[in-house]
Amino acid sequence: LLNNAPIKKNELDKFAGQIAHYLEPAYPNNKFNQLLLIAEPSFLGLLRKNLSQPIRKLVALELDKNITTHSIGDIRRYLVSYLHSTVDKN
């Protein structure tokens with residue numbers, strides 16, 4: 001398992017770069033005007049590292065949680081609950 005750790009990190013970094021590469025032309029084409037980033041903590045760091053400064057400025061929320069094993073319905077409920085709790089605090 002430890003022998004594969006550098007390979008896995010390289011693949012994760014490559015995937016984060018692919019996401020960033022996708023987002024770059026999407027913003028000027030009005031595909032989004034803000035981002036909510038939800039990722040496992042170490043992958044969230046890789047995403048941050050790969051995003052350009054203009055795209056980073058569009059990040060409205062970062063949530064360092066691994067929700068990949070949850071159903072879409074559970075994720076929606078969690079996000080609604082989380083967003084309401086953060087709005088209530090402000």
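Worth knowing before you read on, the calculation uses all heavy atoms, side chains too, and leaves out hydrogens, waters and symmetry mates. This one's a predicted model, so the numbers in the text were calculated from it and none came from an experiment. Numbering starts at 1 and runs along the sequence shown.
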Q.
Let me confirm one number: the CG-CG distance from L44 to N66, rounded to the nearest 0.5 Å.
A. 11.5 Å

Q.
So, taking the atom named NE2 in H21 and the one named NZ in K14, what distance separates them when rounded to the nearest 0.5 Å?
A. 12.5 Å

Q) In chain order, what residues pass the side chain to side chain contact (heavy atoms under 4.5 Å, CB included) check against K57, with sequence neighbours excluded? A) Q53

Q. Do Y78 and I72 share a hydrophobic cluster, counting only Ile, Leu, Val, Met, Phe, Trp and Tyr and linking them when any side-chain heavy atoms are less than 4.5 Å apart?
A. no

**Q.** Residue pairs passing the side-chain hydrogen bond (donor to acceptor under 3.5 Å, both in side chains) test where at least one lies in residues 40-51, sequence neighbours excluded
**A.** D13-K49, D13-N50, E40-S42, R48-E62

Q: Keeping to residues at least two apart or across chains, list the ring-ring contact (aromatic ring centres under 6.0 Å, His included) pairs with something in residues 42-65.
A: F15-F43

(Q) Using every non-hydrogen atom in the two residues, find where P41 and D64 come nearest and quote the distance to one decimal. (A) CG-O, 3.7 Å

Would you be so kind as to tabulate the donor-acceptor pairs closer than 3.5 Å made by side chains of residues 23-39, with sequence neighbours excluded?
{"from": "E24", "atom 1": "OE1", "to": "S52", "atom 2": "OG", "distance (Å)": "3.3"}
{"from": "E24", "atom 1": "OE2", "to": "S52", "atom 2": "OG", "distance (Å)": "2.6"}
{"from": "N29", "atom 1": "ND2", "to": "P25", "atom 2": "O", "distance (Å)": "2.8"}

Q: Could you tell me which residues satisfy side chain to side chain contact (heavy atoms under 4.5 Å, CB included) with H70, sequence neighbours excluded, listed by chain and number?
A: I67, D74, I75

Q. By side chain to side chain donor-acceptor pair (under 3.5 Å), which residues pair with T69, not counting sequence neighbours?
A. none

Q. What is the distance from atom CG of L51 to atom CG of L58, rounded to the nearest 0.5 Å?
A. 9.5 Å

